[in-house]
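Below is one structure, written out as structure tokens, with a few remarks after it.
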Amino acid sequence: MRTGVWLIGARGSVAATSIVGWLALRAGLAEPTGCVTELPGLRSPALPALGELVLGGHEITDTPLLKKAEALAAAGVVPARLVDALHDELVTVDGDVRPLPTADTQAGTAALIAADLADFRSRHGLDEVVVVNVSTTEPAPAPLPAHADPVLLEEALARPGVVLPPSSLAAYAAFTAGCSYVDFTPSTGARLPALHELAVRHGVPYAGHDGKTGETLVKSVLAPMFALRNLRVRTWSGINLLGGGDGANLAEPAANAAKTASKQRVLGETLGYQPQGTTRIEYVDDIGDFKTAWDLITFSGFLGTAMRMEFTWHGCDSALAAPLVLDLARLTAAAHAAGRHGPLPELGFFFKDPIDATAHSLDEQWRILADFVGSLPGGEH
Ligand SMILES: NC(=O)c1ccc[n+]([C@@H]2O[C@H](COP(=O)([O-])OP(=O)(O)OC[C@H]3O[C@@H](n4cnc5c(N)ncnc54)[C@H](O)[C@@H]3O)[C@@H](O)[C@H]2O)c1
């Protein structure tokens with residue numbers, strides 16, 4: 001199954017790491033460490049092979065992909081020897097990265113985005129195209145009646161003005177072009193009733209939100225432990241220090257609010273109550289893509305005895321995110337090929353703020369994911 005992966009934000013850190021990693025895997029220059037679809041429990045002939053993927057995307061910056069990859073190598077995010085070895089391939093992939101088009105109305109812009117997707121599909125003879133949003137996190141938009149109704153939405157988009165934030169306009173264009181959509185960011189994306197109806201009408205699936213790669217990943221393992229041992233979590237506070245483009249953007253209060261909201265959800269859902277405490281994000285330019293999260297948990301046990309736990313996580317955000325982007329593209333393409341449309345709650349394993357999720361602990365999410373892969377035609381284990 002030849003599968004196009006169209007990255008929104010194709011020259012950002014996550015996208016460029018995904019592209020370097022995919023090229024390295026395809027060339028046999030790296031191990032698929034971090035790719036969960038390469039684990040025995042999930043590896044499946046129902047998924048497109050890594051060699052069947054084709055990557056491209058939209059960008060608003062014109063810094064070449066190769067320059068971005070070199071910067072990531074200098075920062076220690078990807079090995080410099082891979083960027084050297086993959087020089088020509090990176091230049092070739094950059095040929096499939098297009099400037100984000102704009103028109104007088106958002107309907108016009110969406111039509112141009114859809115035309116780029118159709119062109120990508122036909123030039124590479126693709127069976128599936130998955131649009132994956134890895135662009136800058138946006139603030140949540142003010143609600144509008146057009147967000148709830150596809151007819152009102154189409155009318156509003158045809159008039160001048162901004163009706164949808166960029167992530168939602170990308171989802172709209174993807175659906176109208178028959179492409180599935182994955183949101184790796186906390187932005188609004190497909191999470192509007194009008195877009196849900198559009199996805200169903202066009203028979204395409206979507207998944208999100210906000211890749212779970214660090215502090216929230218650890219929370220989704222630790223919180224169930226407290227719940228299963230009937231220990232009462234009293235407070236859970238965390239601070240995340242990060243640099244890079246994502247860190248700079250998240251220093252903006254509105255984008256920061258979107259992110260911190262999605263980081264706390266796992267606690268309430270897993271524990272059944274919301275402990276006191278907050279998650280904060282701070283920008284530290286010097287640490288670039290390497291994030292430090294420090295969490296303090298206070299809890300009480302039998303007869304109210306007070307105890308505490310702390311953990312510190314030092315992660316390379318893009319190296320943690322990139323293999324998941326490849327996993328999500330493969331899984332979503334296979335879901336569409338199997339006739340799925342609308343939300344894919346089975347992919348909640350990958351997200352901080354999963355759409356329609358029934359489970360928030362990592363092991364339950366894993367079981368749901370493995371069952372889903374096993375249920376795909378041709379994917380029985
Ligand atoms: N790295 C992780 O572990 C992780 C985890 C969860 C979510 N995310 C999210 O992934 C996204 C990408 O993170 P990053 O570190 O690569 O950020 P980044 O700043 O390096 O990259 C974002 C890219 O998007 C581009 N862009 C911005 N608006 C655009 C638009 N409208 N259309 C096309 N391109 C656009 C920017 O020019 C930039 O190249 C962020 O929203 C982040 O919150 C990352």
Greater than 12 external heavy atoms within 6.0 Å of Glu310's CD: yes
Option from Val78, Leu72, Leu23 for which side-chain contact (heavy atoms from CB on, under 4.5 Å) with Val83 holds: Val78
Reported CD-to-OG distance for the pair Glu269 and Ser220, which is rounded to 0.5 angstrom: 12.5 Å
Exceeds 12 heavy-atom contacts within 6.0 angstrom, atom CZ of Arg280: no
Candidate pair His341 and Tyr206, rule side-chain contact (heavy atoms from CB on, under 4.5 Å), full reasoning: CA-CA 7 Å; His341 58 265; Tyr206 62 89; over 6 Å; no
Test log, rule side chain to side chain donor-acceptor pair (under 3.5 Å), inputs Thr3 and Glu128: CA-CA 5 Å; Thr3 299; Glu128 292 288 336; over 6 Å; no
Side chain to side chain, Phe290 and His314, heavy atoms closer than 4.5 Å: no
Whether His58 and Trp6 hold their rings parallel, tilted or perpendicular, with breakpoints at 30° and 60°: perpendicular
Residues, nucleotides or ligands: over 12 heavy atoms within 6.0 Å of Arg234 CZ: no
Any donor-acceptor N/O pair, Asp210 side chain to Asp353 backbone, under 3.5 Å: no
Pair Arg11 + Asp62, salt bridge at N-O below 4.0 Å: no
Side chain to side chain donor-acceptor pair (under 3.5 Å) evaluation trace for Thr37 with Asp327: CA-CA 6 Å; Thr37 49; Asp327 287 328; 2.4 Å; yes
Atom CZ of Phe302 with >12 non-hydrogen neighbours under 6.0 angstrom: no
